[in-house]
Amino acid sequence: MKKLWELFITFMKIGSLTFGGGYAMLPIIQREIVDNKKWATDEEIIEYYAIGQCTPGLIAVNTATFVGNNVAGVLGGIAATIGFVFPSIVIITIIASVLQNFADYQIVKDAFAGIRVCVCVLVLQAVLKMWRSSISDPFTVVIYIGVLATAVFLSASPVILVLIAAAGGIIGGALLAHSNSPYVNDFLENPQARFGDRYGHKKDKKMAEKKGGEK
């Protein structure tokens, strides 16, 4: 019961302090769930985001359900979901009763304009944090480019994009598993280090040649 109450309070706090919709809530969820509560890892929370995007409902609510279910089973998922949506129900009910009287005020319009800018910053923050932990090797770069091109030029639905990314991940994993080249394996697992070693080796060689020429 204590864990269920903790889930309810945690997600109620997230739901009551975040503005701008599902994507704007992602960095708040990540900080609270991964950094503070340790209920999920960075990799797990990104998987929850992906599943939440391609399942019915808001991505933030779906993520809350997945986290709650992972922490305390079905009851945990219910507690987290109710906690997440409870502040919205209360706040929307209050705002709906008074918004008609204040929506045309210039100060209210200016406030919402500022909130929209803040939402852009929050979404960008979430993207940058997920980028660092998700785009880590050549295969994920190829998947990123392919999904981005599909989204921009074909306007595909999120479900199609997730399926394309999943197929790319399966193909990349299969190629990595069947690769017999130690260089390929090392490059795929740590491409930055490999590039750094090669660049550093060439740089040292040029420095040595330069010193030899000066002598």
Any side-chain heavy-atom pair from [X] and [Y] closer than 4.5 angstrom?
| X | Y | result |
| --- | --- | --- |
| Thr63 | Ile45 | yes |
| Gln30 | Asp42 | yes |
| Trp131 | Thr140 | no |

For the residue pair [X] and [Y], what are the closest heavy atoms and their distance?
| X | Y | value |
| --- | --- | --- |
| Lys3 | Trp39 | NZ-NE1, 3.8 Å |
| Phe11 | Ile33 | CZ-CD1, 3.7 Å |
| Phe66 | Gly52 | CE1-N, 3.7 Å |

Lys37: partners by side-chain hydrogen bond (donor to acceptor under 3.5 Å, both in side chains), with sequence neighbours left out: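 With sequence neighbours excluded, Lys37 shows a side-chain hydrogen bond (donor to acceptor under 3.5 Å, both in side chains) to Glu6, given in chain and number order.
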
Please list every donor-acceptor pair under 3.5 Å in which a side-chain atom of residues 70-90 meets a protein atom from a residue at least two apart or in another chain.
from	atom 1	to	atom 2	distance (Å)
Asn70	ND2	Tyr48	OH	3.3
Thr81	OG1	Thr65	OG1	2.5
Thr81	OG1	Gly77	O	2.7

Which donor-acceptor pairs under 3.5 Å do the side chains of residues 141-164 make with protein atoms, sequence neighbours left out?
from	atom 1	to	atom 2	distance (Å)
Thr150	OG1	Gly146	O	2.8
Ser157	OG	Ile160	N	3.4

Mind checking whether Met12 and Ile94 sit in one hydrophobic cluster, side chains of I, L, V, M, F, W, Y counted as touching below 4.5 Å?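 Yes, Met12 connects to Ile94 through the hydrophobic network.
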
